[in-house]
Amino acid sequence: MQLAHRLDSERPVEPIRDSIVLATRDLTKTYGRGKQRFEAVKHVSLTLHRGEVLAFLGPNGAGKTTTIKMIAGLVRPDRGQVTVAGADPHRRPSALRHIGAVLEGNRNLYWRLTPEENLEYFGVLRQVPRKIAHRRGLELLDRFELLDKRQTPVQKLSRGMQQKLAIAVALIHNPQLLLLDEPTLGLDVEAGETVKALVRQIAQEGRAILLTTHQLDVAEELSDRVAIIRRGRIIAEQSTESLLKEFSDSAYQLEVEGTLTAQQHQKVTQLGGRVDGSHITYAGTPPNLYALLGALHPLPLVSVQRDRADLTQVFLKLVKDTQDSAS
Amino acid sequence: MMDLLYVELKRTWIQFIRYPAEVIAGLIITTSVFYGLFLSARYMAGPSFAFGDRLDAVVVGYVLWTLNLYIINDIAIGLQSEAQTGTLEQVFLSPFGAPRVFLARAVASLALRFTLLVGIVLLLMGLSGSRLSFPITLIFPFLSLVMAGYGFAFMMGACALVFKRVQQILGIFQFLLLFLLAAPFEESTGIMQSLRFLLPMIPSTGLLRDLMARDIGLDWATYGLALLNGIAYLAVGLFVFRWAERMAKKRGSLSGY
Ligand SMILES: Nc1ncnc2c1ncn2[C@@H]1O[C@H](COP(=O)(O)OP(=O)(O)OP(=O)(O)O)[C@@H](O)[C@H]1O
Ligand SMILES: [Mg+2]
């Protein structure tokens with residue numbers, strides 16, 4: 001034990017060559033005792049690499065926040081292990097140097113302090129020397145377009161600015177892993193877009209990002225991978241692209257202007273299309289699509305579209321499916 | 001660590017100058033309540049009032065009580081309000097570990113309180129007409145007193161972590177403390193004379209009264225015991241706090257669930 005400790009503390013804090021930033025194994029958490037006993041998280045194993053964005057999705061109460069807090073060392077798992085940049089934050093507080101977190105809700109900052117003061121304070125709290133924390137704070141404020149607000153107490157900032165600042169504060173110690181629990185909650189469209197753009201940039205710098213959100217369009221846009229959790233269990237985990245592909249079928253949706261003649265209607269039905277007013281659904285092969293288009297000649301086309309599932313459909317289907325099989 | 005102390009001082013100071021009303025109101029209330037108490041006690045009991053046979057000693061006892069109260073309440077109240085506002089979890093994300101952060105906080109806020117307290121002492125001396133002496137050796141028993149005070153601060157902090165609501169506990173404790181600090185145990189005889197070294201803060205307050213009100217020099221042997229007393233209570237406090245932290249993390253109740 002002694003020896004292991006010594007070897008570890010002698011290891012320099014160089015960037016870990018291996019690109020895995022976060023690994024959790026079998027995380028399990030039960031709250032309460034007796035009748036109140038509640039298994040919030042069951043056997044959650046996740047891996048996150050440098051520069052990767054993982055969207056962690058699930059219905060209310062599924063166990064997302066609990067998992068995030070276990071990763072950040074704020075909730076102790078009953079079983080399982082967390083490794084961040086090679087160390088377990090529950091055993092070694094120094095591992096917290098690699099974690100930045102914006103937790104649920106809008107109070108990750110001191111409201112009586114200004115952005116500049118918050119950044120300096122939290123920088124030092126995360127063991128950044130004060131001068132460096134101050135300088136980095138100004139850089140972040142500049143980058144997050146908050147420089148002109150640096151002397152305004154946080155409570156006077158808009159919700160969007162507060163959220164941006166919370167993210168800046170989470171980055172002050174240059175962590176390898178960023179945990180974001182519902183970062184776009186309660187933001188208006190513009191602020192939401194800004195936060196999304198920031199998340200993308202931050203991932204490009206090579207940080208790993210784990211984010212939860214109920215806005216599935218946000219998840220779809222930002223994530224490289226999704227993990228869906230339901231009642232404490234991961235029910236799907238794969239790359240966003242392949243998940244969407246898997247759930248997309250190859251049907252086409254066509255829309256024309258005006259109505260089909262009886263002849264056109266018959267022809268289209270023969271080719272396997274389904275007509276519903278000026279809408280046509282076609283699930284055949286691409287070459288036959290042209291035959292179908294020919295049959296519609298000379299009606300003006302409004303749109304031709306290939307069905308593509310969005311994350312919302314996938315999510316609802318997955319969550320519902322496992323519900324059915326569970327009950 | 002020095003940086004941590006610096007930023008904690010800065011944070012405390014900023015919060016004070018931006019919102020001084022709360023602190024100043026608190027000071028005025030404690031000062032005037034005491035002055036009222038003091039006058040009526042003198043009126044009812046005459047000069048041989050049970051808190052101590054000399055008014056000066058009572059003043060010292062009261063001042064120490066105020067200071068200790070600040071120290072002891074500080075961590076717990078800070079914890080409780082930050083659990084409500086939501087910054088607490090960010091504090092627990094510090095690689096320094098919570099005990100070190102809260103110790104730095106406690107030291108910083110003591111620095112501010114101490115400055116204010118000097119003001120109160122001067123005011124009380126004016127009001128009660130008592131004259132205290134301030135020898136430099138005062139710093140030693142003061143240190144051992146503050147250590148024990150921090151020990152209790154961590155214990156109360158532990159209560160805040162585990163029970164969330166600490167107002168009642170703090171309230172009860174306030175009176176216990178008043179009794180402990182105001183009663184001149186150092187004048188007791190027999191078994192109490194040795195047992196008092198086990199009671200929290202008592203040996204230090206006795207020495208302080210010796211120095212400030214009785215013009216007796218510092219007895220180093222007694223001071224050794226007082227220091228030991230301070231260290232022991234601080235250690236116990238830190239231990240209990242660590243236990244409470246583990247407990248809160250196990251229950252997932254850091255943020256006030
Ligand atoms: N400290 C706690 N004590 C008892 N139960 C808790 C505690 N924290 C969370 N829970 C319960 O555990 C379950 C999971 O909660 P969690 O906050 O992890 O869900 P979530 O996925 O983040 O939900 P949401 O989308 O609503 O934020 C919920 O049923 C919640 O009531
Ligand atoms: Mg949540």
Side-chain angles (χ1 to χ4, degrees), chain A residues 29-33 40-41 65-66 68-70 72-78 89-90 92-114 117-118 120-134 153 155 166 169-170 173 175 179 181, chain B residues 1-23 78-105 108 161-162 242-257:
Chain A
K29 181 73 202 172
T30 306
Y31 286 121
R33 246 180 276 152
V41 173
T65 301
T66 303
I68 284 201
K69 287 187 180 172
M70 286 194 278
L74 294 170
V75 167
R76 186 158 189 97
D78 299 333
H90 291 276
R92 200 155 294 147
S94 62
L96 291 171
R97 250 179 271 168
H98 305 296
I99 303 178
V102 178
L103 299 167
E104 229 171 359
N106 58 349
R107 289 294 197 104
N108 287 280
L109 307 161
Y110 285 103
W111 277 30
R112 292 175 169 194
L113 302 189
T114 64
E117 290 157 358
N118 265 294
E120 186 191 72
Y121 176 75
F122 281 109
V124 173
L125 203 63
R126 310 270 182 273
Q127 292 186 335
V128 181
R130 193 167 58 84
K131 293 250 164 56
I132 297 177
H134 190 82
Q155 59 186 346
V169 165
H173 55 306
L179 305 170
D181 204 353
Chain B
M1 198 64 201
M2 278 325 281
D3 274 354
L4 182 61
L5 204 58
Y6 175 88
V7 290
E8 286 297 355
L9 265 169
K10 186 168 166 187
R11 195 179 66 90
T12 313
W13 176 244
I14 290 170
Q15 304 215 5
F16 172 65
I17 49 165
R18 282 195 197 139
Y19 303 84
E22 308 160 14
V23 183
L79 271 168
Q80 192 180 323
S81 76
E82 289 204 26
Q84 277 155 14
T85 55
T87 40
L88 189 62
E89 289 183 317
Q90 289 290 344
V91 175
F92 275 85
L93 279 175
S94 171
F96 282 115
R100 264 200 272 178
V101 174
F102 283 99
L103 193 63
R105 287 189 164 192
L161 278 179
V162 175
R242 279 188 177 285
W243 170 84
E245 182 188 348
R246 272 200 305 276
M247 190 77 184
K249 284 183 176 174
K250 210 164 142 190
R251 286 194 200 157
S253 60
L254 270 184
S255 57
Y257 206 85

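The sequence lines fix the lettering, A, B, ..., with proteins before strands; numbering per chain opens at 1.
With B:T87 contributing its side chain and A:Y110 its backbone, the two residues share no donor-acceptor pair below 3.5 Å. Counting only distance, with no hydrogens or angles, the side chain of A:E117 and the backbone of B:V7 share no donor-acceptor pair below 3.5 Å. Remark: side-chain polar atoms of B:D3 are paired, donor with acceptor, to backbone N or O of A:R130 under 3.5 angstrom. A distance-only check finds a donor-acceptor pair linking the side chain of A:K29 to the backbone of B:K250 [under 3.5 Å]. A donor-acceptor pair is defined here as one N or O able to donate and one able to accept, closer than 3.5 Å; no such pair exists between the side chain of B:R11 and the backbone of A:Y121.
Note that CG of A:N108 is 10.0 Å distant from OG1 of B:T85, once rounded to the nearest 0.5 Å.
In plain terms, the two heavy atoms of B:P95 and A:S94 that are nearest each other are CB-CA, 4.2 Å. The two residues A:L125 and B:S94 make their nearest non-hydrogen contact at O-OG, 2.5 Å. For A:L113 against B:R18, the heavy-atom pair with the smallest separation is CA-NH1, 3.8 Å.
By number of non-hydrogen pairs under 4.5 angstrom with chain B, the leading residue of A:V75, A:V169, A:L74 is A:L74. Annotation: maximal heavy-atom pairing with chain A below 4.5 Å, among B:R246, B:E245, B:R105, occurs at B:R105. Of all the listed residues (A:M70, A:R112, A:E120), the one sharing the greatest number of non-hydrogen pairs under 4.5 Å with chain B is A:R112.
Neither the backbone nor the side chain of A:T66 comes within contact range of chain B, judged by heavy atoms closer than 4.5 Å. For A:P129, the parts lying under 4.5 angstrom from a heavy atom of chain B are both the backbone and the side chain. Contacts between B:E82 and chain A at a heavy-atom distance below 4.5 Å involve the side chain alone, from C-beta outward. When heavy atoms are compared at a cutoff of 4.5 Å, B:L93 approaches chain A by way of both its backbone and its side chain.
Every residue meeting the side chain to side chain contact (heavy atoms under 4.5 Å, CB included) condition with A:T65, not counting sequence neighbours, appears here in chain and number order: A:K69, A:E104, A:D181.
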